[in-house]
Amino acid sequence: MKHRYLIALLCGFLALPGHAGEAQPNAENPEIEQRMNKLAEDLRCLVCQNESLAGSRADLAADLRREIREQMQAGKNDQQVIDYLTSRYGDFVLYKPPFRAATLLLWLGPALFIAIGGIVWFVTLRRRRNLQAPQIDEAARRQAARLLAENEDKQ
């Protein structure tokens, strides 16, 4: 009988670390929780690589979700929360940064690289089209034929 209690207690202690890292959902206000989850999908985790704030399990991401939840409970709309986060962490926190002079290369870079590749491709094709076969005089042609015939005789 004592062994059952001891095993149950041991299983309970083993399960604690797995539960400790989970974000606690705010079940008091499901509307705010839904807004927070939707907004957190569009925000980047600052310590994880290519993970959204909603999907990250980092401590900083949990703190930011809590901060977002508190600001929403204080009555701020989504844009005000985003403005707060970008003023604090910069545009890096956004998956879709705004179109500005600083982000111009980020937005237009792919089109620019495709255009440069198209120009290089066009110029290369044009040069190949303009290439002409080298002119071989009759003496060189006869010498090449003689060398080929000698080579065939050796084999």
*Of all heavy-atom pairs between Y89 and L46, which one has the smallest distance, and what is that distance?*
CD2-CD1, 3.3 Å

*Could you check if a side-chain atom of T86 sits within less than 4.5 angstrom of a side-chain atom of F92, using non-hydrogen atoms only?*
no

_Beyond-backbone contact of L147 with N151, side-chain heavy atoms, under 4.5 angstrom_ = no

*asked:* What verdict does the side chain to side chain contact (heavy atoms under 4.5 Å, CB included) test give for E70 and E67, after you've listed the backbone C-alpha separation in whole Å, the side-chain angles of each residue and the deciding distance to 0.1 Å?
replied: CA-CA 5 Å; E70 287 173 4; E67 180 71 29; 4.1 Å; yes

*Which atoms form the tightest heavy-atom contact between F99 and L104, and what is the distance?*
CZ-CD1, 3.5 Å

*Out of curiosity, R69 CZ to N37 CG, how far, rounded to the nearest 0.5 Å?*
7.5 Å

*Can you measure from CG (L125) to CG (N130) and round to the nearest 0.5 angstrom?*
11.0 Å

_Any residue meeting salt bridge (charged side-chain N to carboxylate O under 4.0 Å, His left out) with D91, in chain and number order, not counting sequence neighbours_ = R100

_Sole residue of E31, Q80, M36 in side chain to side chain contact (heavy atoms under 4.5 Å, CB included) with M72_ = M36

*How far does NZ of K76 sit from CD1 of I68, to the nearest 0.5 angstrom?*
12.0 Å

_Test of understanding: clusters of I, L, V, M, F, W, Y form through side-chain heavy atoms closer than 4.5 Å, transitively. Do V47 and Y95 belong to the same one?_
no

*Might you point out which heavy atoms bring A40 and S52 nearest each other, and give the distance in Å?*
O-CB, 3.8 Å

*Heavy-atom count around D59 CG within 6.0 Å, excluding the residue itself: above 12?*
no

*asked:* Quick check on E150: does its CD atom have over 12 non-hydrogen neighbours (other residues, nucleotides or ligands) under 6.0 Å away?
replied: yes

*Which is it for Q79 and D83 under the side-chain hydrogen bond (donor to acceptor under 3.5 Å, both in side chains) test, yes or no, and what are the steps along the way?*
CA-CA 6 Å; Q79 188 59 46; D83 291 343; 2.9 Å; yes

*Point-to-point distance, once rounded to the nearest 0.5 Å, from CG of N77 to CD of Q71*: 10.5 Å

_Nearest heavy-atom neighbours spanning C48 and A58_ = SG-CB, 3.9 Å

*Would you confirm whether T103, through its side chain, and L106, through its main-chain N or O, come within 3.5 Å as a donor-acceptor pair?*
no

*What distance separates I114 CD1 from W121 CH2, expressed to the nearest 0.5 Å?*
13.5 Å

_Using 0.5 Å steps for rounding, measure from the CG atom of L148 to the CG atom of D153._
11.0 Å

*asked:* Checking R44 now: which residues fulfil salt bridge (charged side-chain N to carboxylate O under 4.0 Å, His left out) with it, not counting sequence neighbours?
replied: none

_Hydrophobic cluster membership, L108 vs L112, 4.5 Å side-chain cutoff_ = no

_Exam field: side chain R65 to backbone L53, donor-acceptor pair closer than 3.5 Å_ = yes

